[in-house]
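The chains referred to below are lettered A, B, ... by the order of the sequence lines, with proteins before strands, and numbering in each begins at 1. Note that the structure is a prediction, hence the values are computed from the model and not measured.
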Protein chains: 2
Amino acid sequence: MSTISDVAARAGVSTATVSRALNGKSTVDPQLAARVRAAAAELGYRPNGPARNLRRQETVVLTLIISDVANPFFTAMARGVEDVAHAAGYSVVLCNSDDDPAKERAYVDIAVQERMAGILVSPTGRGDSAGVLAAQGAPVVAVDRPLPGTPGDTVLVDGALAARQAAEHLVQQGYSRIGCITGPSGVPTADERLAGYRAGLRAARLPAAADLVRRCEFRAQGAYRAALDLVNRDDPPDALLIGNNAMAIGVLEALAELGIRPGREIGLIAFDDAPWAALLDPPLSVVSQPAYDMGTAAAQLLLERIGGASTAARTVTLSAHLIPRASSDPHA
Amino acid sequence: MSTISDVAARAGVSTATVSRALNGKSTVDPQLAARVRAAAAELGYRPNGPARNLRRQETVVLTLIISDVANPFFTAMARGVEDVAHAAGYSVVLCNSDDDPAKERAYVDIAVQERMAGILVSPTGRGDSAGVLAAQGAPVVAVDRPLPGTPGDTVLVDGALAARQAAEHLVQQGYSRIGCITGPSGVPTADERLAGYRAGLRAARLPAAADLVRRCEFRAQGAYRAALDLVNRDDPPDALLIGNNAMAIGVLEALAELGIRPGREIGLIAFDDAPWAALLDPPLSVVSQPAYDMGTAAAQLLLERIGGASTAARTVTLSAHLIPRASSDPHA
DNA sequence: TTGTACGCGTTATCAT
DNA sequence: ATGATAACGCGTACAA
């Protein structure tokens, strides 16, 4: 692969002139510049990124670490990040932590080592990534979940409020034995949804039914088992608040197997809207989170932080809203 | 951010010893090594990636460029790539080209400039990324779609065969006016699915109905309009072969709006299985592509190519298989 | 306007 | 076993 000196030799100029001509920085004789560009094109010259980054001490690529690429919520967020980043001349690379603290940590290490311009991370909540980040003082913003320990820029949604509203909606619809399937203990989004659910029951003067709560990973499989488990009880729930998109699929599979129809036989509300949610029969009620906007907000925060503008940590909290559909209507 | 010389100073040794101790390469006095590690830890030292890559002339990160992060097909593929890559000590970063040749090109440029160890790309089919890649001689493998022009390593699925089988299945089920909504002309996967569809009709001695074919981007919106357009004809199709996952959503939305029930009123088969396809009412018949396996195969090819093993370009072709469900059953 | 020369942080070679 | 030093490819201050 040809270097800047190859180009210089071919164009009969110094490497400094090549650099200037190609970066359009200082003023260069138009004719020389043309010769340089021609030489570069003929050689298929591409500047060596590592060398350039080393010299410039900066990059124009952002790292976005998410916990599940297959989750539409995170991909929508990624779109938001990308749109803002691209407009500002940055590129974005995605890393998939798989909700595994070790993988998250590995990607954080890479981002730090490669001296990425900035890092957006939707933390698993466990693990020590936060420490690494804090120690390096790299520009970071946490999305969806706060970074434990360090008070950095953060973009959240008020999941507790949304969960509470969802629970109250189920009560209003006439359900009275409301269960909840949410993520692992310690994961902030999982915890806050559970708290909101409980607050909703309390507000409706319904007894807190600890035995109607199940916790598992934010995946279909665990939710599938949890749903079977709950529904096969002697006193099964008559409604379910579901922690996310992927879990909803597991629950729906379980109910389909048992021939239980959502809405009439069991009320259902799941976190995260998805393109297919409205296509189900009955359509699935959801708590829609502003994923795209979370992405744009996070990217903006990060860009400002990179710019070195403010120094105080900021937290942006967006709100989710309930989209009631027939799966939470007992008369549907 | 501290450098290797900071660590060296703190440990009272030379930078060379620090490098050796931290990389465990050459043999170092255990006591000294411990002192070095301690110093590094205290300083929160992280090796400078660009400097290291510059010196080593190599990276351990792979770039995977896909056209749609929100498409489960591509994310499943990404999982396959990641699993194989991680096992071999490589990391993977995802880039979202959005099916936009310019974005694809931009990410290819980045990957090449950053001297990524290897590149996996699912090309838009348009644009000149292939030329750049070929010129640089970077390790590349194309997934899902071939890289136009250059005969490099490629992982494909036999979409023509699968489309033909799908069309024939629809015929067997009793449908006779079968339409097709597929991707843009020039996109290989779109073209081959159309070709297979036509072959299926021919094999069944059904007239090729050019006016029942619609082409648009591989997205929901275009497919939504195409479906409305087709169904509102005087002589509408009685079945539809749909180009992919996202398009299926658009078609289903259109049909739901018009109150047309899949299966009984219009046969439906879509490319790409998705977790929600079986949950629909009626469940959606799909052509399931081995996305995960495509990812692992591609990653293996790439790793071998990076290793410098073979020199001849290889093409791996996997096969898709039809999963008939009720949406292609007129009696359901 | 153009060229010379140094340094970015690391690893590898060569002495010691 | 350890240290001094060159080199990776680039951008830029300084000199011409």
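Atom pair A:Leu43:CG and D:dG9:P shows a separation of 14 Å (rounding to whole Å applied). With rounding to whole Å, A:Ile4 atom CD1 is found 14 Å from D:dC8 atom P. Atom CG in A:Leu22 sits roughly 16 Å away from atom P in D:dG9 (whole-Å rounding). Whole-Å rounding puts the B:Glu114 CD to D:dC10 P distance at 12 Å. Across the protein-nucleic acid pair, A:Arg35 atom CZ and C:dT2 atom C1' stand 12 Å apart, rounded to whole Å. The distance between atom CG of A:Asn48 and atom P of D:dC10, rounded to the nearest whole Å, is 5 Å. The separation between A:Glu58 atom CD and C:dG9 atom C1' is 17 Å, rounded to whole Å. In this structure, A:Leu54 places its CG atom 11 Å from C1' of D:dG11, rounding to the nearest Å.
Contact of B:Arg55 with C:dT11 (side chain to base): a donor-acceptor pair of N or O atoms is detected under 3.5 Å. A donor-acceptor contact under 3.5 Å links the side chain of B:Arg20 to the base of D:dG3.
Between A:Arg52 and D:dG11 there is a side-chain N or O to OP1 or OP2 distance below 4.0 Å. Side-chain nitrogen and oxygen atoms of B:Thr3 include none within less than 4.0 Å of the OP1 or OP2 phosphate oxygen of C:dG9. Here A:Asn53 does not reach the OP1 or OP2 of D:dC10: none of its side-chain N or O atoms lies under 4.0 Å away. For D:dG9, the OP1/OP2 oxygens have a side-chain nitrogen or oxygen of B:Gln57 closer than 4.0 Å. The phosphate of D:dG11 has OP1 or OP2 within less than 4.0 Å of a side-chain N or O from A:Asn23. Phosphate contact (OP1/OP2 of C:dT4, side-chain N/O of A:Ser14, threshold under 4.0 Å): absent. Taking side-chain N and O atoms only, A:Thr17 has no distance below 4.0 Å to OP1 or OP2 of C:dT2.
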Legend entry - Residue pair A:Arg219, A:Asp98: steps toward the salt bridge (Lys or Arg N to Asp or Glu O under 4.0 Å) verdict: CA-CA 11 Å; A:Arg219 298 175 195 272; A:Asp98 225 357; 3.7 Å; yes

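Remark: A:Glu58 does not engage A:Arg115 in a salt bridge, criterion side-chain N to carboxylate O under 4.0 Å. Salt-bridge formation is not detected for the pair A:Glu104/A:Arg126: no Lys NZ or Arg NE/NH1/NH2 atom is positioned less than 4.0 Å from an Asp or Glu carboxylate oxygen.
Each of B:Asp29 and B:Arg56 has a nearest nucleotide on DNA chain D; the 5'-most of these lies closest to B:Asp29. Toward the 5′ end of DNA chain C lies the nearest nucleotide of A:Gly12, the other residue of the pair A:Gly12 and B:Ser19 mapping further downstream.
A side-chain donor from one of A:Asp83 and A:Tyr292 sits under 3.5 Å from a side-chain acceptor of the other. No side-chain donor from either of A:Arg55 and A:Asn48 sits under 3.5 Å from a side-chain acceptor of the other.
At the heavy-atom level, A:Pro50 lies nowhere under 4.0 Å from the strands shown.
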